[in-house]
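To keep things clear, I will list the structure first and then write my remarks on it.
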Amino acid sequence: MQYQSPFENWYTYSTVHKPLPDFTCEPGLVLFPPELVPGVGHPLIDKLGNDATRRLTMRKLESYNAFTEKLEYKAVMAASIKIAQNPQAFGLSEQAGREARLIVTDESHHAYVAIELIKQIPGFSELPPLTATQPRFLRGLEELERGLPTELADDLLIAFVSISETLITSILRGIPRDPRVVSAVRNTVRDHCIDEARHHSYFVYVVHQHWASNTPDRREILGPLYAKLIRLFLDPDLDLCRGWLLEAGLDARDAGLVLQDYYSHERVAASVRADSFPTLKLMERVGVLEHPAARPAFVEQKLID
Ligand SMILES: [Fe+2]
Ligand SMILES: [Fe+2]
């Protein structure tokens, strides 16, 4: 696939060249769409009153921003630096390698804004810190890496970032236009979306080239890996959510019930399929889904029938 730079107008359109978003928090508006916060609207949480709902919503926004920061630093920037330093290793053009440095700049800015946003939201400074755990995706990546030959470690990271950068999650899609949500959050997500549209085109090219440039025996490994990486990125972090529900005032049994209702197998499977739709289409176009080792893995991960 020919590289067509999505960065021609980078100096004009990238949000790192713009002022910080307007961080206004209108009283009466929510910090996050309620249906995206596990437990909000559930009778067991309603019984606890408005404080529980507000606390859960704050935790959700906090974790969304902490996740953004870690994903940018630990995954997307790390992968883009590898691409910048050795584009040929992944079948990429010299220009694509040079421009990976612009992604590093964009992502560093996203991490900065994510943390600034949290600092600006009223009430966050009084929130007690939750025990810091490693994000689920990092634990998952480490586990997958242990099962792979060492020379595939970089390919694992590039594949994971290709997946995360081509997925359009429901959060990024819906929030900027959601009138229920405070301007601070809508503006921040909108700015992030503007840059991510360029990254999406870039990583479509990366997936094509990375797959096409791999040897048949590496494709045997890479194909099924894509399916696992999609689930790794999109599956909910149940332990983290359980912590929020306990903090909001539920006992362990009720927290378990709320999680079972919110994250039923059917609901998770349906949302993973909806969110991964553009990436699954890409996997089809690139030829990953035709690969005899890959297709059964996508079926096993319940991404296709
Ligand atoms: Fe980003
Ligand atoms: Fe990105």
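Both ligands and their constituent atoms are indexed starting at 1 by order of listing. Predicted model only: the values in this text are computed from it and were never measured. Numbers here are sequence positions counted from 1.
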Tell me which N, O or S atom of Glu165 sits nearest to the Fe ion (ligand 2).
OE1

I want to check a possible cation-pi pair here: Arg55 against Trp244, using under 6.0 Å from ring centre and within 45° of the ring axis as the test.
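Geometry flag: not set, cation outside 6.0 Å or 45°.
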
Can the positive tip of Arg267 be found less than 6.0 Å from the middle of the six-membered ring of Tyr262, inside 45° of the ring normal?
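Yes, cation above the ring, under 6.0 Å and within 45°.
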
Counting only heavy atoms not in Glu8 (residues, nucleotides, ligands), do more than 12 fall under 6.0 Å from its CD?
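Counting neighbours around CD of Glu8, 12 or fewer heavy atoms of other residues, nucleotides or ligands fall under 6.0 Å, so no.
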
Suppose the cut-off is 2.8 Å; which protein N/O/S atoms would you list for the Fe ion (ligand 1)?
Glu72 OE2, Glu107 OE1, His110 ND1, His192 NE2, Glu196 OE2

Shared-cluster residues of Val104, by chain and number - hydrophobic side chains joined below 4.5 Å
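Direct or chained contacts put Val104 with Tyr73, Met77, Ile81.
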
According to side chain to side chain donor-acceptor pair (under 3.5 Å), who are the partners of Asp178, at least two apart in sequence or on a separate chain?
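With sequence neighbours excluded, Asp178 shows a side chain to side chain donor-acceptor pair (under 3.5 Å) to Arg180, given in chain and number order.
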
Could you pull out all residues at least two apart from Gln95 that satisfy side chain to side chain donor-acceptor pair (under 3.5 Å)?
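For Gln95 the side chain to side chain donor-acceptor pair (under 3.5 Å) partners, ignoring immediate neighbours, are Glu99.
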
